[in-house]
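Each chain gets a letter, A, B and so on, in the order its sequence line appears, and its residues count up from 1.
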Amino acid sequence: MIKKFFEWVISPMGRVAVLIGVLALFSLATYGISQSQASPPQPLEFRHDVHVTKGVQCLYCHPGALRGPSPGLPTITKCWGCHQQLAITKTSPRLEKMVALIDPATNQPTMGFEWVPVVQVPDFVHFTHRPHVAAGVNCEDCHGDLSKMEIYENPQVFNMGFCLNCHKEKAGDDQEKLTKLTDCGTCHY
Amino acid sequence: MSNQMVDLNRVGAKGAIAEAAEGKWGMVIDRDLCTGCQACVAACAMENNLSFVGEEDAGYGRTQHWIRIERLWEGEYPGVKVEGGFQPMLCQQCGSAPCEPVCPVFATPHSEAEQLNLQVYNRCIGTRYCANNCPYQVRSFNWRDYHIEPFHANLVTGQLVFPLHNQFNPDVTVRRRGVMEKCTFCIQRIHSAQDKAKSEGREVEDGEFTTACAQACPASAITFGRLDHEESLVSQLGHVSRGVKHLEELNTLPRVTYLEKG
Amino acid sequence: MSEKISRRDFLKLASAGAATTAVLTGCGPASRYVEREPYTKMPEYTYNGLSTYYATTCRECAAGCGLIVRTMQGRAIKVEGNASNPVNLGKTCARGQATLQGLYNPDRVGSPTKQGRGSSVSPMDWDSAIQIVADALKNNTPSEIAFLMGTGSDHLFDLVSDLANAIGAPAPARFGALSMFESRATLSKAAENLLGQSAMPFFDLANADIVLSFGANFLETWLSPVAYTRGFAKMRRGNPKQRGYFIHFEARMSQTASKADEWIPLLPGTEGLVALAIGRLVAEAKGGATPEAFASVDPLEVASTSGVKLETLEHIAQLIVEAQTPLAIPGGAALGQSNGLSTAEAVLALNALTDNFGKPGGVFVSPLSPNEDAYHRPASALEITEFISKMKSGSIKALFIHGVNPIFELPKSFGFEEALGSVPQVISFATFPDETAIASDYIFPDHHGLESWGYQRVATGSMQPVLSGLQPVVNGVYYTTTDPDTGADTSELLYNARGTADVLIAATQLAGGKFAEALPFKDEVEFIQSKLVNLISEADGSFSAPEINTFTAYFQQHGGWWKKTAELATPSASSVLSKSVNAETAQFAGEGEFIFLPFVSPTLGEAGANKPWLQELPDPTTTVMWNTWVEINPETAHELGITNDDVVEITSEAGVVKAAVYLYPAIHPGVIAMPFGQGHTAYGRYATSVGVSEKFMDLVPTSQYVNGGKAFPRGANPADVLGAHFNEAGDLAFAGMKVEVKKTGEKQVLSRLESRIGVYGEGMGEEH
Amino acid sequence: MAVTSDHLYGAKKAHETHHEEEHDPRESLMYDPKPRGEMNQMVMESMTTTSWKFWVVFGILSILVATCFFYGWGYMISEGLYVAGVMRPSYWGVFLVNTVFWIGISHAGTFISAILRVFKAEFRRPFTRAAELMTTFGLIQAGASIFMHMGRVWLFYWMIPIPNARQLWPNFHSPLMWDLLAITTYILGSTMYLFLPLIPDLAMARDRSTGWRKTFFKTLALGFRGTEGEWRHLTIAMNIFAFAIIPVMFSVHTIVSWDFAMAMRPGWSSTVFGPYFVVGALHSGMGAVALVLFIMRATMKHMDYFLRKEHFDGLGKLMMIVSFAYAYFFFNDYIVQWYGGDKWTDILLHWLEEGPMAWMFYQLILFNIAIPFLTLWNKKIRTTPWLLALIGFLINVGMYYERYLIIPVMLTINRMPFTWKLYFPRVEVFLTIGTFALFLWFYMAASRLIPLIPVWEVQEGQMVHSLRKVGKTHVPTVSEFE
């Protein structure tokens, strides 16, 4: 039996089989990674492209990026502020979900959307938007061109290499700046 | 994937030697004032998401305190005394730290920017060499996932709910089992203070912020601040005559100065 | 990589099998299991990762330290001291730091519960709960309604007092283990006798250059530990030219004593004599006639009875004579003696001799707190026994208990538990399922201190009159459930608690009639405003406001209201010296070769046992964690054939208690000491101890968990062996018991932080 | 290798006829040749004839490996290291004791086979392979023990210098990195060094076996046919490895010792640790070889022919010499440290001599120094296999004690008296049993799969040894044609 196995492995068919097996493993791993980057289901398929092309500033809905670590996700109150004036609000089937949440009597939302954050860095990475915005990094530098995204997706894997490349680039030849920007303690504590 | 690698050797022991005895952040602890009241220990635990380990493990030497208060005796009854007063012992943030060069994966590198010994939890693979090599024995290892023991949970509608998790400080990583941890001089506070100062276009002032332990200490026995600023309180206290560095003979260049009773 | 999985289903995985989690940890982020998603339906500003800070007041003890609580995404994250509050000036003690673990304690009472004295536990809704309270008020004749309250939450005390006055019920009785071990009644009585006013004396530690403490453990739990620790620090290092000198008289080296330059062990109960003897020596050294107060004592005799060498006494007297501003403090175990009052008087007399009344570094009378007419001291143990006998006699039909756990805190010999049996209806407002709550008919859980409104009077600890304010820093504790399919989060209230003040107001409204008139308020806040309103007109306040709403807003924003300048009253020293103090050695109750010296655990306090981090804090002097120990002098133990970790049986006339031995090198050979704070039979999973085997698999809800017979006491409660003996002021003579010590043969290894090899040289062949 | 059989038999007849009394050939394998085919057959039989006892032991070992090693380790990984006994200040426990111990064991193999091969010590021939197997299997256990010790073993690959998104290299300042490299080099080198001399025997086995064994040997023998050219290449390769592996061997254990010597700890930072550890390793290795040879001889068929008194005698002499060296370094280490007079070292020595683990300290001296000194002088003891095996066993116990004292017991004492605590192993016990079981399991499996006797070497030896008639007498001679 063992003998057969040996012979089979050595035979061309066997080698091909082994190769296929290895490939399968790799593709499985890659699939896992890609899955972790896919956008989670949202309570309402918010269309970034429409809003961005209409000229809505990112910071209008995500003002936290100016002040602190997290840009913040807008509550429905903010959405309704504009949308109550728009004709499309009545017509669009996509927006029915939102309209349903508005109490016609008070014209105030009864409850908020529970947005699911898409970009998630692990706990051990302490990322703060403020200094990045202050340093003149544009939103699209990391989050991609949202005028072309119907539903937001991460343009790339937010891993350490992605951060470091940019940090090194920004530091340039400035040794002190490089030290600060490549210091483990800058993000990990 | 970029081909150029960060040469962490530069940031490691060499960086520490380059910075010499001065350092950036430092602490002064007045043993004559320390009443051993454990407020600093509690404050540290609350700030840094330390896990409590329960009676057994605590007694077996697996406490997760980042700062502990040592008490040794001298003399015999009735003349017995606490030797030199209580001694709060925490990571000394050595300038040339024995823990740094021995880590095979740079999980405890030296921060050139802040002049601290960092502990990068997510890089740590748990060889525990650093803890062996620490002359002050101030590193603690996560022997298990103390935080998520079902023992601490309530069963609500068939789901485990951990009320105590609400208290976690989001600025500090909650450690999983198998990684080393230690006092960070509340680096999250350092960062937020620097960030604030920068956003207002100024330098961080002395006493603008402090570590959790110093903040709590009812006797104000702990002082924290910039060592490289002559006028800062900590560098002035650090130069008084009763100041000593612990195990100085090892030339670890500790950043914590103890003020003896005298 | 497998971030989504670990974030969404982690808890399931954690319970399902840790092997999976190992893999997750390997390829996933190190700690994604902590649910840090914000509660849903939060205002927008909570989303941007910035903290919000609220000022409130610590309710772990009655000192009234101001807190600033950092909150984020609707959670309280860190407790910091309120730098502007005159009591603690931004500092906190360990118990204050750990108060969050009370707020988020997994063992809080989840909802109003019909307890049925532990027999039939069933949850109920608040409406019926309020109905029950209303009926209890209405259906009983007012004189048969009684309120038993803790030393905390002064606003509730005021509310209940007003209610009691209006309906003609007896005034609420206040009590707490701390007030018992601090002998507050004795202090104020002594002040009344000598200084002419019944108030808390204030000892200006900060400006004294030599301090004599007669048992006052002011660095641990005594009166206002944080304030006194600040004072101590100033005394030590405040004056750059001179380092303050500190002498402590106590039979065992307490944490406070361990900071003394000279710790002088003496026979318990002789503190008064020693004080007088020192006074006499001082008077003689100063020359002139010996004042009446010290005339009766003979230093030589005192030296022999107390065990303090005459040279020591003379040397101390010399120090006092040379000192600029000497100060003597009575307190702690010194007052918990049959002669406690005269001890206090003797020490005050010593102060009078050094003529430091009303001088910097001397003795003052604490200012009354704002909106306080006179100092309401908590009930003395004697008054509590009277209360208990009233319960026994059946003249109490309905008993409301809030903020105190008498079954645990009172000595068994008082028989509170039995007395409870003869009270038809007992309603507890406890936040945690403690012994008393479980033994009552209903638990209507009050908010935790950090969730509640209110104010706290500062009886002592600050030079100014201070009224510390409470406000909710979080609106309840929620838990977030995640829909595994959509990933949508929903938040539910985890602990359905309600402010007791609100409950009482609602109940009175429901009861109608004179009850409704007694508390004519919409809610708790309106009542508090009614108490604050007359502060608006007060001058020299920390802030001023035109009208009450603004005032209340500022009050909450600043965490209280206080005068800018000190208002310490200066007592009259004139009569003190002329009045003779009859201090004789204390009487000890019971037979036995050892004097029993209980003390409040510095880390646990009276109610810290259910906070895991306080349990994990090593005791400052013994470094023991999570348990109770018995301190015995090594020589004594050697004679008895007892060694470390031997479980001994301590028998007094009042009862028996068992605990493990700690050979304590710094304790009087004739004394054994034991910390108070452990030994709970209920009060949550951390206060009780659970078998290791079931520890990790047991998932039943905690309400059943603790009193479901699974838990057994962690440590032991020294109150069990205390007999009903009192000093002249009616305080418990807790240090006045004689006990037998017997070896049981059992062993229980105490968890110590210290190393027995390194600190005591065990197994090293020779000491190192 | 152009050796005709009558050349052999000539020599044999010659001494069979005369001089029985002068020279007893039974003592020496070299002067007691058998026909080549017969000898090969004996080896094959020793490999193929398996008694039920073997399977019983093998089964028990398999169960032990499954439970103690794999289940135990899996349990520890899933539960976290708290199931082990390690704590502050003893962060390293039995796992690293095992690592050092197994690396020590692994040394004997290379030492015996490589050094003796280099110096052409003839008595080595029959048991080089047994020793080399010990190297490989021992190193496997050592590696496993290191991984057991790690807190997050699933991330071990972070120690391997590969380009990665984090843009981080491992830290080459760390002795653990040196360890990793040294041990990997050693395990690769020694495995190849094990394999090369195996080829001719595999080829021999291939020609004498059928069924799956044949396929197995065929695959491994790489088509070796025994031609002149093949032999030349093989000999060259073996010589290269024999010379190359020796410095590697010395460096490996020196580097292992640096894990401790480089640390800032009383008792550890000792300059003599390098050679001390190497000698210690040889000491335990020799003992282990003696033990294994005894077991082989007792259990396997025909082994009493291949393994004789002379071999145990030579091994015994070696053990004694090594124990001398060990004694020197042992006392050197402790006495020099004591003479240093450092406060903490003094306390540490007190701890060792008077502390609760003192018994271990004194037994260590007894087993490692006293017993070898007192016994191995005696040729009778040296040539009694079971006695020598017993001594070897005791030496190994002693050496295990030594490592245990150096790691957890010395770790108890640091510069912070407040933290001193004594370590007790918990789950480590099972995992240790597991590693030992796995080692034996490998060995037993190998004894069924490959010839444990390098039969071609024996034959080669027998060919070059002969009794020649010079005048009236016969003298043993060795003809050099290697």
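Chain D forms the most heavy-atom pairs under 4.5 Å with one residue out of B/P104, B/S140, B/A131, B/P135, and that residue is B/P104. The most heavy-atom pairs under 4.5 Å with chain B, out of D/V153, D/T419, D/L422, come from D/T419. Annotation: maximal heavy-atom pairing with chain D below 4.5 Å, among B/M89, B/R139, B/R123, B/M180, occurs at B/R123. The greatest number of non-hydrogen atom pairs below 4.5 Å with chain B, out of D/D179, D/I146, D/D259, D/L180, is found for D/D259. For the options B/L72, B/T63, B/N142, heavy-atom pairs under 4.5 Å to chain D are most numerous at B/T63.
Geometrically, D/R426 engages B/Y60 in a cation-pi contact defined by less than 6.0 Å to the ring centre and at most 45° from the axis.
Listed for the D/R152 side chain is a donor-acceptor partner under 3.5 Å among the backbone atoms of B/C124. A donor-acceptor distance shorter than 3.5 angstrom exists from the side chain of D/W92 to the backbone of B/T127, with no hydrogens or angles considered. Proximity of a side-chain donor or acceptor of D/N171 to a complementary backbone N or O of B/F106 within less than 3.5 Å is not detected.
Under the 3.5 Å distance criterion, with hydrogens and angles disregarded, a donor-acceptor pair is assigned to the side chains of B/R144 and D/Y82. D/H149 and B/R128 share a donor-acceptor pair across their side chains, judged by distance under 3.5 Å alone.
With rounding to the nearest 0.5 angstrom, the CZ atom of B/R62 is 11.5 Å from the NZ atom of D/K421. Once rounded to the nearest 0.5 Å, the distance linking CZ of B/R71 with CZ of D/F418 reads 6.0 Å. From B/C134, atom SG reaches atom CE of D/M264 across 9.5 Å, with rounding to the nearest 0.5 Å.
Counting only heavy atoms from C-beta outward, the side chains of B/Y129 and D/P175 approach each other to under 4.5 Å. Side-chain contact check for D/W154 versus B/I125: every heavy-atom pair is 4.5 Å or farther apart. Side-chain contact between D/M87 and B/D57 is absent, with no heavy-atom pair separated by less than 4.5 Å. At least one side-chain heavy atom of D/L411 sits less than 4.5 Å from a side-chain heavy atom of B/N132. Counting heavy atoms from C-beta on, the side chains of D/M262 and B/V102 never come closer than 4.5 Å. Inter-residue side-chain proximity for D/M416 and B/R68 is flagged as met; some heavy-atom pair is nearer than 4.5 Å.
Heavy-atom neighbours of B/E76 CD from other residues, nucleotides or ligands within 6.0 Å: at or below the threshold of 12.
Annotation for D/L81 and B/F141: closest pair CD1-CE2, 3.7 Å, computed over non-hydrogen atoms.
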Evaluate the criterion side-chain contact (heavy atoms from CB on, under 4.5 Å) for residue pair D/Y91 and B/Q137; output intermediate values, then yes/no. CA-CA 10 Å; D/Y91 288 92; B/Q137 289 295 311; 3.6 Å; yes
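In this structure, no portion of D/W178 lies under 4.5 Å from any heavy atom of chain B. For B/L247, the part lying near chain D is the side chain, with the backbone staying farther off; criterion is any non-hydrogen pair under 4.5 Å.
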